[in-house]
Each structure stands twice: as structure tokens, then as C-alpha cells.
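Below you'll find the structure, written out as C-alpha cells, and then a few comments.
Residue numbers start at 1 and run along the sequence shown.
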Amino acid sequence: MPIPGISRRTVLAAAGATAAVAATGLATAPAAQAAAPTLPNGTSKDKVLVVGMDGLRHDRIDAAKAPHLKAMMANGTYGLSLLYANPMAATSSGPGWSTISTGVWPDKHGVKDNSFTGRNYGQYPGFLARLAQIRPELSTYAAVDWKPLDTQGTVTTGADAKLVLDGDADGYVGHDATIASEAESVLRNQNPDVLFVYFGQSDIVGHNSGARSQAYLDVIAVQDTYVGRLWAAIKARPTYAEERWTVIVTTDHGHADAGGHGGSSIEERRTFVLAQGPGIAAGARPIDTRLVDVAATVFRQLGITPDPAWGLDGKPIQDRSTDPFDALYGSLTGRVDETGIPAGVLGFTRTAPSGWSVINNAMGTGGMTEWRGWSFATDEFWSRTQRDQSRELNVRARGVFAVADSDEWADKTFSGTYDSTLVTPAYGVSGATRVTLDFTTFYRQEGSQTAQVQAVFNGGTPTVVKSYTSDVVSQPQSLTVAVPAGAAGVSFRFRYTGSNNWYWVIDGVKVTAS
């Protein structure tokens, strides 16, 4: 969250008397005087409040006194998500809040760090800016105390009214309290449709005291009371019974145990999306949630169908994946040969889902058990194998995905080469003239390794329909193939060969005949 060129410690020291307050997050600081701005009267019975808590590590909520967040977990859907890392973007606030607001990953919105250099909000605006374009009759409000969220156009653009405070200059404790009070007033006394409310002190305490400290648990408790007050204000509205409210709580990044973020550790990459509202299942813990899903969930709850031209990467949190790899989640196991993955992390299997198969008859011997041919893994398990080799960039895969990784396989004594083929089920194509294969891929090229997509009609000879010879960093793919006369069925194969080279990821496979 700090401004580029100013360290978090410098910001805190400059805050003078507020620095001591920031160390605990509990002491009372004078709230900045700010009158609640006047909003236009709302027009929608569907209403959304998004609460952003900077640098809040979701795995510390359980240990905190946080009854309101825990009630939302029981009454709503709670999805966990890992961020990217460099070179896509740092695990810092600029990229994180840009991802939340725009609903796209940093390779689209362009924000890689807190300098905001390269931001592309013109093409990928924040959800409040988008609503101002397509539903200008909605009454929208934003309150932030990390000023770049306003000055850079990340969050507040498009809001009918906004409250912008400077936590870096004045301290976040008082300004967070002011934001809570003013948002509470807006909810009770006015008629907003969509609100974004931001609290920054959780990040300050993470930097100062670390994510394992009591001070960090204490600041979670403080911000939880703010959530409770906002919920109470919503339910006290005289028109509440006629309205359909959704509340979403999220964060931009995690924190290292000792404090700090920006790097590639799992702890720094931890984020979450917690949502409660109409059509959102109670007590759900989806495995396919990503941070880009916040904006898409806002649109769904407002009855808005995104235009494909918007290029959103997210989906509503209540929409479940139909990806067959995700069905393997309950059967995933822990490490075998890998040493950098904690024993309690269950995240891989080499058993293909029903109808799928893996051909390993040309596969070399030995190597790491986890990666001996195509395997199926989670983001956390796979990216823990070796940091900073771009595995963190696998952002468009969700839940469980298929991965062929000759680099990790070769980390244990082996002979021969890596040669493995992933085979889809057979799909009917009778009467069709073409068949389209859609999937998401992440491919990193090196040396003589090969990656081919092959089509097999009626169980015949495989035909290469796509070869990868250069990097493709987590992108959707669509391949259309002509159906030969008389063909009744087709299957597709993903064949990867290499020897201590890089890797290939496949996810979200869909086949459509037409």
C-alpha cells in the first residue's frame, strides 16, 4: 500500500502520534471530521456493498474475534484465492485493488506495482466506472483512505459521491473509523444502490507487527465490528424488507508471517472473496473462486449480464465450474517426493477423471513421483514446488487443473525423456461439420520440448491441430477443426515431451460440435 519510494516504516514514522496507534490497531484516534456526502436517490431494489480490507490474511480470521465475518461465512459463500507474483505483478495494493475493481488480471488492467505505471482503466474500468456508463441511474458511493485508489482512478471513478481521506499522512485508525461512521450514515439515512468501502489499518498492522501477532488479530476484530455496524445499518433501513442486499468482503493481498508483502510466498498471495446475498449459497466453500470474481458478482447481483467485449476474467461467485478436473478435489493427496510442500497440503493426484486417460508408455523412468506424466493439482500445491519460476502466473486456471512438468519431474534421478499424453473422452460429432475445443492453457517453452494438441476421429490416427513453440501465459484457447465426412466421434490429446525443461497446464476443457 505505501506510495512508491516511501517505505511503510517511513510512512508510519511520518504519521507522528498515529504511529503508536497503528502498532496495535486498537487505541482510539481522533476521527477526521467529514460530513457524509449527499447521494442521488437510488433506483434499484438490488443493492451491493463491497467492503475492502487491505492486507487481510484469510487464514487469521478464525483465530480472531470476528463474529460478523464468521456469520457471513455461515450464511454466504467463502472462496479462497491465490494471487499472481512477478513478473505479472507484485503482491501489492495497486495490482490487487485494480484486479478487484476491474474484474481482470494484471496482464489486462496493466497495474504491476504501486506506481500504477501502465494502468489501462480506459479499456478495463473499475466496476463503479462501468456502472456509471451502463446504469447511470444507480446511486453509487465510494469511501477510501489510501488516496491512490482515488487519484489513480482505481476505485472511486464513476461514483456519484465519494469520501477520500489520507491515511498515509494522518494515520489509518481515525480515518477507518470515519469511513465506517459515514458509510453507516449513508446506509441508514440515504438510498444508495452500490457502495465500495475501504479499510486500510489491517495492512499497517501487518507491516508493523506481522500476521502472526495479537495486534493483527486485534485489528481484524476492529474491522469486524465495522462490518457488523454496516450490516446493522442495512437491516435498519425502513425499506429493507423490499430490498435485496448483497455484501461482499475481500482483500488485495496477504502478508508474510513476519509482516510485509510484494513477493511470491503463499502467505503474501493469499486473498479471499466472501459474499452473502440473494442466490448465493450459505456455507459454500468453492474451490474455483478467484479474486477477479468480485466485479462479476457485483454485476450479477444487479441483474447485469456483462458484454463479452468487456473481457472480464471473473465470474459470479455462485457460478460453479463444470470442469471435470475439479471433480478430483476430494481425492487429492499430499506430497510424495516434493520437500518444499508442507505435509498437510493436499493438492495432487495422477488419477485422471472419469472418461479421461493418460498415456505414459513412452515416459522415462524415475523422477519425482508427483509429476511422472500428466498430473492433476491445485494452484497452491503446484506453485509451492519451486517459487519464482512463473508458476504463480497460472491465474486463469481454477480449482484443479492438469499439468505436465518436466522441470519438476527431473528434480529426482530419472532416465529417458518426459513423454506423456492427456486424452479427453470421446465426444459425438455425427452430422456436424466442425468441432471446437476450448480450454485455458499456460505453457512455458524451453529447448527441444514439444506441446501438441491432437484430434482423433473415430479412434483413428491422431492429427496435430496445434503446436506450441513459444510461451503462452495463462490464456484461453479456441481451436476449431473440420469434421471428416462420416465421423461419429472425436477425442483430443495433449502430448507434451521434454527433458528437464518447463511445463504445460490445461484447464477448463470444453468441446462443442456444430
Side-chain angles (χ1 to χ4, degrees), residues 25-26 45-81 100 143 176-177 179-188 192 194-203 205-206 211 214-252 254 270-289 291 293-294 297-298 300-302 316-320:
L26 282 179
K45 298 298 184 183
D46 296 303
K47 297 178 184 291
V48 181
L49 165 65
V50 178
V51 179
M53 297 184 177
D54 203 293
L56 180 60
R57 254 201 24 207
H58 62 72
D59 61 325
R60 301 298 288 144
I61 296 174
D62 282 347
K65 183 180 179 182
H68 304 292
L69 291 173
K70 292 172 184 177
M72 286 187 65
M73 293 175 190
N75 297 321
T77 293
Y78 180 43
L80 309 183
S81 176
I100 291 165
D176 279 2
I179 286 173
S181 296
E182 298 306 335
E184 185 179 15
S185 174
V186 168
L187 287 166
R188 284 182 183 273
V194 184
L195 308 89
F196 181 95
V197 176
Y198 168 94
F199 302 117
Q201 180 63 11
S202 39
D203 188 57
V205 176
Q214 183 60 45
Y216 194 70
L217 299 182
D218 291 343
V219 78
I220 293 174
V222 170
Q223 293 180 184
D224 181 82
T225 66
Y226 296 157
V227 172
R229 287 168 54 189
L230 298 179
W231 265 115
I234 289 171
K235 293 176 179 178
R237 292 171 55 79
T239 51
Y240 175 68
E242 307 159 19
E243 297 168 345
R244 296 173 292 273
W245 275 93
T246 298
V247 177
I248 302 169
V249 182
T250 191
T251 192
D252 55 333
R270 291 199 190 282
T271 64
F272 68 93
V273 182
L274 172 59
Q276 179 181 339
I280 297 175
R285 300 290 186 271
I287 66 169
D288 59 335
T289 299
L291 192 61
D293 295 344
V294 173
T297 304
V298 171
R300 169 66 63 83
Q301 297 307 97
L302 294 171
I317 193 172
Q318 62 265 49
D319 283 5
R320 293 283 65 77

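In this structure, the side chains of Met73 and His68 stay at 4.5 Å or more apart for every pair of heavy atoms. In this structure the side chain of Ile220 never reaches within 4.5 angstrom of the side chain of Val222, judged on heavy atoms. Contact of the Leu69 side chain with the Phe272 side chain is not registered, since no non-hydrogen atoms from C-beta on lie closer than 4.5 Å. Between Met72 and Trp231 there is a side-chain heavy-atom pair separated by less than 4.5 Å. Looking at heavy atoms from C-beta onward, His58 lies in side-chain contact with Leu80 at the 4.5 angstrom threshold. Side chains of Ser81 and Arg270 form no contact here, defined as non-hydrogen atoms less than 4.5 Å apart. You'll find the side chain of Leu195 stays beyond 4.5 Å of the side chain of Lys47, heavy atoms only.
Considering all non-hydrogen atoms of both residues, Gly279 and Gln318 come closest at O-CB, 3.6 Å. Nearest approach of Gly79 to Thr289, heavy atoms of both residues: CA-OG1, 3.6 Å. Among all heavy-atom pairs drawn from Leu230 and Glu184, the shortest one is CD2-N, 3.7 Å. Looking at every heavy atom in both residues, Asp252 comes nearest to Leu291 through O-CD2, 4.3 Å. In plain terms, the two heavy atoms of Ala275 and Ile248 that are nearest each other are CB-CG1, 4.0 Å. Minimum interatomic distance between Ala211 and Arg57 (heavy atoms only, all atoms of both residues): CB-NH1, 3.7 Å.
For the atom pair CZ (Arg244) and CG (Asp46), the distance works out to 4.0 Å, reported to the nearest 0.5 Å. Rounded to the nearest 0.5 angstrom, Tyr78 OH and Gln276 CD are separated by 14.5 Å. Atom OG1 of Thr251 is separated from atom CG of Asp203 by 8.0 Å, given to the nearest 0.5 angstrom. Here the straight-line distance linking atom CG of Asp293 with atom CZ of Arg300 works out to 11.0 Å at 0.5 Å rounding. Note that the OG1 atom of Thr246 and the CG atom of Leu302 stand 8.0 Å from one another [nearest 0.5 Å]. In this structure, CD1 on Ile61 lies 8.0 Å from CE on Met53, to the nearest 0.5 angstrom.
At a threshold of 4.0 Å, the pair Lys45-Glu243 does not count as salt-bridged, since none of the basic side-chain nitrogens sits closer than that to a carboxylate oxygen. A salt bridge is absent between Lys70 and Asp224: the closest approach of a Lys/Arg side-chain nitrogen to an acidic carboxylate oxygen does not fall below 4.0 angstrom.
At most 12 non-hydrogen atoms from other residues, nucleotides or ligands lie less than 6.0 angstrom from NZ of Lys65.
Judged purely by distance below 3.5 Å, without hydrogens or angles, the side chains of Asp176 and Tyr226 never pair a donor atom with an acceptor atom.
Across Val298, Val194, Val247, Val197, a single residue satisfies side chain to side chain contact (heavy atoms under 4.5 Å, CB included) together with Val50, and that is Val298.
With hydrogens and angles disregarded, a donor-acceptor distance shorter than 3.5 Å links the side chain of Ser181 to the backbone of Ala177.
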